[in-house]
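What follows is a set of notes on a single structure, which appears directly below.
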Amino acid sequence: MLQDKKVLFSGMQATGNLTIGNYLGALQNWVKLSDEYECFYSVVDLHSITVRQDPAELRKRARKLLTLYIAAGLDPDKNCIYYQSHVSAHAELAWILNCFTYMGELNRMTQFKDKSSKHADNINAGLFTYPVLMAADILLYQADVVPVGIDQMQHLELTRDIAQRFNSVYGDVFTVPEPFIGKVGAKIMSLQDPAKKMSKSDENPNASVYLMDDPDTIMRKFKRAVTDSEGVVRYDEEKQPGICNLIDIYCACTGKTKEETEREFSGKGYGDFKTAVGTAVVDRLSPLQAKMADLEKNKDYIDQIIKQNAEKASYVATKTLRKVQKKVGFPERVR
Ligand code: TYM
């Protein structure tokens, strides 16, 4: 592997249908950064079972997600795209890091609080230690940078704390990673309630635009998006959170700035603006959807990527794991 490039790690859960929040907040940046870094992109299926899953459905979604990474533009020959569950080092390092993480730290995680109120009948230990597994994902590959949406920042900060704590005891074992948050699209909000994050698990299908939605559905969802009575396309977070969200989506899809967008729609009504945002999203997603349909026909190609990349990821991850095991005092393996 090329050691002159810095390392990037990121991952997504294969639960629910991916939204444009996942795409604009994360996946799109992954593609932009992929030439510059040595990249590891994981389908984090170990994280998915912190919430009850239908096994056949999880397997299907995980494969779709892995295929989607490629359809979005990540070259699997240059980027290591793999299933987290195929690399046992993730779970092994997570155990060790559990012993370097405090209950108080995990208690403060807002995602744990959110998820435990949503799944009150299944507040399992995995849900609680979820961020430690995430730290293991990142630290195993000695990642310098981790591109994520704003909602994952708290987990990233904890990862940095765990890495620094471990390093302060055992020397420089882990690279302390930096988050990478995109300038636009880092927090896409629900189309039905702009105070809430757009989420795969939202029960209202009109709240989220899914990556596999067809053009008519996308246009319809934008037409129904909640706005305000100001009647001006202006970036005013306090008074016009719905319009701000639509501007963010438009900018993230077209590369235009907020100011350019305000100028473009000055004097125009919300109807025109919503149509333009819908069209920009359709234009962004159409090539990805076409590529996805193509790739899904090519089972052998995807199978080969799954196998090769799991081996590559295991090789890199095991190197770090062995170093950590030695540092904490586990006996050396007899060859
Ligand atoms: P997940 O699967 O919830 O989301 C995947 C990525 O999408 C981003 N994202 C958003 N960005 C902008 N607006 C939104 N509405 C929006 N919703 C989601 C997320 O910030 C994330 O970058 N715990 C992680 C997965 C994970 C991971 C890791 C990420 C596991 N290990 C190591 C980075 C590094 C998660 O559940 O993401």
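Read the numbers this way: they start at 1 and go in the same order the structure lists the ligands and their atoms. All values below were derived from every heavy atom in this structure, side-chain atoms included, with hydrogens, water molecules and symmetry-related copies excluded.
Here the shortest heavy-atom distance to atom 11 (N) of ligand 1, taken over Ala136, Ser190, Gly21, Pro147, belongs to Gly21. Between the choices Asp248, Ile188, Ile249, Leu139, the shortest heavy-atom distance to atom 15 (N) of ligand 1 belongs to Ile188.
For the pair Lys274 and Tyr270, the cation does not sit on the ring face, since its NZ or CZ is not both under 6.0 Å from the ring centre and inside 45° of the axis. Note that Lys327 lies outside the cation-pi zone of Tyr170, set by a 6.0 Å cut-off to the ring centre and a 45° limit from the axis.
Ligand 1 has no atom lying under 4.0 Å from any heavy atom of Ser199.
Proximity of Gln13 to ligand 1, defined as any heavy-atom pair under 4.0 Å, is shared by backbone and side chain alike. Contacts with ligand 1 closer than 4.0 Å are made by no heavy atom of Ser42, backbone or side chain. With a heavy-atom cut-off of 4.0 Å, Val44 touches ligand 1 through its side chain alone. Counting heavy atoms closer than 4.0 Å to ligand 1, residue Asp137 contributes side-chain atoms (C-beta onward) but none from N, CA, C or O.
Atom CZ of Arg220 has more than 12 neighbouring heavy atoms from other residues, nucleotides or ligands inside a 6.0 Å radius.
Listed by number with element, the atoms of ligand 1 under 4.0 angstrom from any heavy atom of Ala26 are 6 (C), 7 (O), 22 (O). The distance from ligand 1 to the heavy atoms of His47 drops below 4.0 Å at these ligand atoms: 30 (C), 31 (N).
In terms of protein heavy-atom proximity, atom 9 (N) of ligand 1 is nearest to Asn22 ND2, 3.7 Å.
Checking Tyr102 against Asn107 by side-chain atom types alone, no donor-acceptor pair falls below 3.5 Å.
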